[in-house]
Amino acid sequence: AGAAGSATAVAHPNIALVKYWGKRDEALVLPRVGSLSMTLDVFATTTRVTLAPGAGRDEVLLDGASAAGSQRQRVVAFLDLVRAGAGSTLKAVVDSRNTVPTGAGLASSASGFAALAVAAAAAYGLDLDVRGLSRLARRGSGSACRSLIAAFAQWHAGTGDLRQADLTSYAEPVPAGAGLDPALVVAVLNAGPKAVSSREAMRRTVATSPLYGPWADSSAEDLDQMRAALAAGDLEEVGRIAERNALGMHATMLAARPAVRYLAPDSLTVLDTVQGLRARGVCAYATMDAGPNVKVLCPRGQAPQVAAAIVGAVPGARVITAGPGPAAYLSAPASAVR
Ligand code: ATP
């Protein structure tokens with residue numbers, strides 16, 4: 001396929017149920033352990049990439065404003081990868097719109113780089129299958145590789161990324177039992193950007209936290225058990241594993257030097273609320289990422305009750321209920337990702 005010149009793609013964020021936390025290779029974005037996520041059906045990012053023959057530099061628009069500094073540089077570095085693969089030197093205009101707050105631990109970088117990977121590959125005529133696009137998106141932001149996949153996705157830690165035999169760090173679908181009808185109730189407690197970026201927090205945790213190694217080892221076990229629980233359609237077990245995995249990840253950060261703490265008083269209030277719901281027989285389990293916002297996994301039918309309990313406990317919270325969402329896709333020119 002030749003270069004389309006212009007392409008638009010849509011991707012949704014994903015929330016890890018077994019977390020990605022810690023790289024073993026910063027340049028190639030290879031994780032220390034595998035992870036497993038649910039792609040959401042809310043908070044889409046739409047990104048258009050248009051080649052700009054004659055332009056001297058890439059132009060990057062995020063939510064309508066010209067991006068500068070590291071936000072722009074991250075996109076330019078990503079385009080450089082695509083250009084190297086496609087054998088092009090043309091600059092581009094990137095116009096991306098998030099419907100999720102940016103940099104708030106709500107995975108904007110995942111939907112952002114998944115959409116950018118799909119749109120840029122199409123615009124530059126880089127012919128990649130889903131696995132190739134997942135590997136490409138990973139280079140922009142690790143968790144983005146999972147947003148190439150619908151519903152549940154496992155990102156394999158992989159063996160490397162340079163030799164042909166080593167192109168093994170990508171995401172692929174994870175089968176889930178037919179009876180599983182999950183919702184993720186997202187409690188937005190603070191939509192502002194985080195003080196410490198995920199990248200820096202991971203780096204610091206791996207380098208200084210005495211709890212990191214033990215968590216990473218236990219996370220590999222969580223991954224196997226999570227696959228089994230999903231296959232069995234056992235949402236209670238899925239939730240139990242997800243919650244312990246997330247709390248363990250936050251423990252590694254609390255033990256970093258200096259400590260990284262993303263959870264706020266309101267986050268703990270939601271955790272108490274979730275525990276209270278469980279005591280009343282509701283299947284509800286929490287997971288938290290690099291920010292104060294809490295996501296609560298529950299059966300879709302119980303989502304309204306969970307949402308009401310959260311708002312009751314934290315009156316200022318904005319609550320959005322998500323279900324399993326679609327894979328990233330090319331929306332113009334209209335065609336599916338292979
Ligand atoms: P995560 O939950 O994965 O940590 P996050 O959104 O909470 O994601 P960061 O990992 O710090 O936070 O990533 C946010 C950064 O990702 C933004 O500052 C910006 O550089 C980049 N980003 C976000 N959305 C887009 C987008 N649509 N296109 C390109 N880059 C984006």
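Just so you know, ligand 1 is whichever comes first in the structure, and atom 1 is the first atom listed for that ligand.
Using modelled atom types and a 3.5 Å distance limit, the side chains of Arg97 and Thr46 yield no donor-acceptor pair. Side chains of Ser37 and Lys19: no donor on one and acceptor on the other come within 3.5 Å. Side-chain contact, Thr8 with Ser331: no donor N or O sits under 3.5 Å from an acceptor N or O. Between the side chains of Arg131 and Tyr170, at least one donor N or O sits under 3.5 Å from an acceptor N or O.
In this structure, the salt bridge (charged side-chain N to carboxylate O under 4.0 Å, His left out) partners of Arg240, at least two apart in sequence or on a different chain, are Glu237.
The residues lining ligand 1, counting any heavy atom closer than 4.0 Å, are Thr45, Leu62, Gln71, Arg74, Val75, Ser96, Asn98, Thr102, Gly103, Ala104, Gly105, Leu106, Ala107, Ser108, Ser109, Gly112, Phe113, Ser143, Lys194, Ser198.
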*Show the numbers, then the answer: is there a side-chain hydrogen bond (donor to acceptor under 3.5 Å, both in side chains) between Thr159 and Thr168?*
CA-CA 6 Å; Thr159 52; Thr168 47; 2.8 Å; yes
